[in-house]
Engineer: 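What follows is a structure written as structure tokens; I'll ask about it next.
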Amino acid sequence: MIVYKLGESLYLNITNRCTNDCDFCIRKNGPGVGGYNLWLEKEPTTKEIIEAIGDPTGYKEVVFCGYGEPLMRLQVVIDVAKHLKKTYPNIPIRINTNGQANMIYGEDITLQLEGLIDVISISLNAENAEKYNDLCHPEYGEDAFYSILEFARKAKNHIPRVVLSVVDVPGIDIQKCAELAEKLGVEFRVRSYEKR
Ligand code: SF4
């Protein structure tokens, strides 16, 4: 399933790949979310994604979310977002990301999202690098955590709303995570483990 509806939002599932292997990842808990099967037999092309979206008028937002890390396919995200902004300029676009894109590409990619993405929700998930590493098992080890903070800082220059989020799994110091978000000058949100 490439697109699926949750609440008033239209979600885009463009890859199952990810540089993390989080203990709480929904990919470990069955084939989908909300009754949708999100395992992709193959990654959809830009054209296939645009066709699957159709006319999103009536949705509150379009969200690159997936059952994996959408920015693994940066160019596809950019191309689909360009199409949406040109054709449906009033519909906000959000990305839910693990915040590791600058590590994945070895450069700051946040400028490429300017004018295309309205909200970026970055999974912080822990208050320090050690805990992040234990919980999310990133390919990049503890460096991933610091790069996420830097990614959030850089994203602020190009994206109107930047949100750091945590899942309320036991052992995470939510207050410290909130303080990190405050220091960075970005929004903060706690996601329910049960509902994600
Ligand atoms: S970052 Fe998201 S998609 Fe990747 S493993 Fe963690 S929960 Fe799953």
Side-chain angles (χ1 to χ4, degrees), residues 1-20 25-27 29-102 104-105 109-124 151-152 154-165 167 186-192 194-196:
M1 174 140 325
I2 304 170
V3 303
Y4 58 102
K5 184 187 167 186
L6 280 183
E8 296 173 74
S9 303
L10 188 67
Y11 284 78
L12 310 183
N13 174 38
I14 65 169
T15 183
N16 291 155
R17 291 179 288 139
C18 186
T19 46
N20 274 356
C25 183
I26 51 175
R27 296 183 304 172
N29 300 328
V33 62
Y36 300 113
N37 183 346
L38 299 182
W39 279 117
L40 296 164
E41 302 259 315
K42 72 169 191 63
E43 293 187 340
T45 62
T46 299
K47 186 168 175 277
E48 286 168 339
I49 296 166
I50 287 171
E51 282 172 4
I53 296 169
D55 180 351
T57 306
Y59 287 101
K60 192 183 76 179
E61 60 178 350
V62 173
V63 188
F64 289 93
C65 181
Y67 211 29
E69 168 50 47
L71 290 177
M72 297 293 289
R73 302 190 73 199
L74 174 63
Q75 194 56 52
V76 171
V77 168
I78 289 170
D79 292 343
V80 172
K82 271 186 186 161
H83 159 78
L84 289 171
K85 278 292 168 214
K86 193 171 154 208
T87 320
Y88 308 100
N90 297 325
I91 299 189
I93 303 176
R94 168 161 59 105
I95 300 178
N96 289 353
T97 177
N98 67 15
Q100 294 174 21
N102 287 356
I104 294 167
Y105 295 100
I109 61 96
T110 55
L111 174 61
Q112 298 183 59
L113 305 176
E114 187 168 290
L116 298 175
I117 303 303
D118 301 281
V119 186
I120 192 155
S121 180
I122 304 165
S123 302
L124 179 65
F151 182 79
K154 294 231 159 85
K156 262 196 330 175
N157 298 327
H158 308 294
I159 298 172
R161 278 187 65 202
V162 178
V163 183
L164 281 184
S165 72
V167 176
V186 301
E187 294 177 41
F188 181 68
R189 188 168 80 89
V190 180
R191 286 135 58 217
S192 160
E194 293 300 323
K195 289 185 185 154
R196 74 185 302 279

Engineer: Got a sec, which residues hit side chain to side chain contact (heavy atoms under 4.5 Å, CB included) with Asn16, two or more places apart in sequence or on another chain?
Structural biologist: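 Asn16 satisfies side chain to side chain contact (heavy atoms under 4.5 Å, CB included) with Asn13, Trp39, Leu40, Tyr67 only.
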Engineer: Return the set of residues passing side chain to side chain contact (heavy atoms under 4.5 Å, CB included) with Thr87 (not counting sequence neighbours), or none when no residue passes.
Structural biologist: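 Partners of Thr87 by the side chain to side chain contact (heavy atoms under 4.5 Å, CB included) criterion, ordered by chain and then number, come out as His83.
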Engineer: For residues Asn96 and Cys65, report the shortest heavy-atom separation together with the two atoms involved.
Structural biologist: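 Closest heavy-atom pair between Asn96 and Cys65: ND2-SG, 3.6 Å.
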Engineer: How would you list, by chain and number, every residue that makes a salt bridge (charged side-chain N to carboxylate O under 4.0 Å, His left out) with Lys86, sequence neighbours excluded?
Structural biologist: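 Lys86 satisfies salt bridge (charged side-chain N to carboxylate O under 4.0 Å, His left out) with no other residue.
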Engineer: For Phe64, enumerate each residue passing the ring-ring contact (aromatic ring centres under 6.0 Å, His included) test, keeping only those at least two apart in sequence or located in another chain.
Structural biologist: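 Testing Phe64 for ring-ring contact (aromatic ring centres under 6.0 Å, His included), a comparison that skips the adjacent residues, returns none.
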Engineer: For the residue pair Glu69 and Thr97, confirm or rule out a side-chain donor-acceptor distance under 3.5 Å.
Structural biologist: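 Distance-only check passes for Glu69 and Thr97.
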Engineer: For the CD atom of Glu61 and the OG atom of Ser9, what is their distance to the nearest 0.5 Å?
Structural biologist: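 Here the rounded value is 3.5 Å.
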Engineer: With a cut-off of 3.5 Å and sequence neighbours excluded, list every side-chain donor-acceptor pair involving residues 72-82.
Structural biologist:
residue : atom : partner : partner atom : Å
Arg73   : NE   : Glu43   : OE1          : 3.3
Arg73   : NH1  : Ile14   : O            : 3.0
Arg73   : NH1  : Pro44   : O            : 2.6
Arg73   : NH2  : Pro44   : O            : 2.9
Gln75   : NE2  : Asp79   : OD1          : 3.0

Engineer: Looking at Val186 and Ala152, what are the two nearest heavy atoms and their distance?
Structural biologist: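 That closest heavy-atom pairing would be CG1-O, 4.5 Å.
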Engineer: With heavy-atom distances below 4.5 Å as the criterion, would you say the side chains of Tyr11 and Leu38 are in contact?
Structural biologist: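 Tyr11 vs Leu38: side chains apart.
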Engineer: Who pairs with Ser121 by side-chain hydrogen bond (donor to acceptor under 3.5 Å, both in side chains), at least two apart in sequence or on another chain?
Structural biologist: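 Not a single residue meets the side-chain hydrogen bond (donor to acceptor under 3.5 Å, both in side chains) criterion with Ser121.
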Engineer: Taking salt bridge (charged side-chain N to carboxylate O under 4.0 Å, His left out) as the definition, give me every residue that meets it alongside Lys156, ordered by chain and number, with sequence neighbours left out.
Structural biologist: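 Scan of Lys156 (salt bridge (charged side-chain N to carboxylate O under 4.0 Å, His left out), adjacent residues dropped) gives none.
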Engineer: Stepwise, does the side-chain contact (heavy atoms from CB on, under 4.5 Å) test hold for Leu10 with Ile53?
Structural biologist: CA-CA 8 Å; Leu10 188 67; Ile53 296 169; 4.0 Å; yes
Engineer: Which heavy atom of Leu71 sits nearest to which heavy atom of Ala101, and what is that distance?
Structural biologist: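 Minimum heavy-atom contact is CD1-CB, 3.9 Å.
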Engineer: Please name the pair of heavy atoms, one in Lys85 and one in Pro92, separated by the smallest distance, quoted to 0.1 Å.
Structural biologist: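 Where Lys85 meets Pro92 most closely, the heavy atoms are NZ-CA, 4.3 Å.
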Engineer: Mind checking side-chain hydrogen bond (donor to acceptor under 3.5 Å, both in side chains) for Asn20 and listing every partner two or more places apart, or none if nothing turns up?
Structural biologist: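 Once residues adjacent in sequence are excluded, the partners of Asn20 under the side-chain hydrogen bond (donor to acceptor under 3.5 Å, both in side chains) criterion are Gln100, Tyr132.
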Engineer: Run the side-chain hydrogen bond (donor to acceptor under 3.5 Å, both in side chains) test against Asp55 and tell me which residues pass, sequence neighbours left out.
Structural biologist: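 So Asp55 forms a side-chain hydrogen bond (donor to acceptor under 3.5 Å, both in side chains) with Thr57.
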Engineer: With distance as the sole test, does Asn102 use its side chain to make a donor-acceptor pair with the main-chain N or O of Ile109 at under 3.5 Å?
Structural biologist: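 Indeed, once roles are kept as given, a pair shorter than 3.5 Å links the two residues.
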Engineer: Any heavy-atom pair between the side chains of Val162 and Ile122 that's under 4.5 Å?
Structural biologist: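 The answer is yes; the side chains approach within 4.5 Å.
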Engineer: Could I get the full list of side chain to side chain contact (heavy atoms under 4.5 Å, CB included) partners for Val119, not counting sequence neighbours?
Structural biologist: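 Val119 satisfies side chain to side chain contact (heavy atoms under 4.5 Å, CB included) with Arg94, Arg161, Val163 once adjacent residues are dropped.
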Engineer: Atom CZ in Phe151, atom CG in Asn98: separation rounded to 0.5 Å?
Structural biologist: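 One finds 8.5 Å between CZ of Phe151 and CG of Asn98.
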Engineer: Run the side-chain hydrogen bond (donor to acceptor under 3.5 Å, both in side chains) test against Lys5 and tell me which residues pass, sequence neighbours left out.
Structural biologist: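 Checked Lys5 against side-chain hydrogen bond (donor to acceptor under 3.5 Å, both in side chains); zero matches.
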Engineer: How long is the span from the CD1 atom in Ile120 to the CD1 atom in Ile93, to the nearest 0.5 Å?
Structural biologist: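 Separation between the atoms: 12.0 Å.
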Engineer: How close do Leu84 and Pro56 get, heavy atom to heavy atom, and via which atoms?
Structural biologist: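 That would be CD2-CG, 4.1 Å.
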Engineer: According to side chain to side chain contact (heavy atoms under 4.5 Å, CB included), who are the partners of Glu114, at least two apart in sequence or on a separate chain?
Structural biologist: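 Once residues adjacent in sequence are excluded, the partners of Glu114 under the side chain to side chain contact (heavy atoms under 4.5 Å, CB included) criterion are Leu111, His158.
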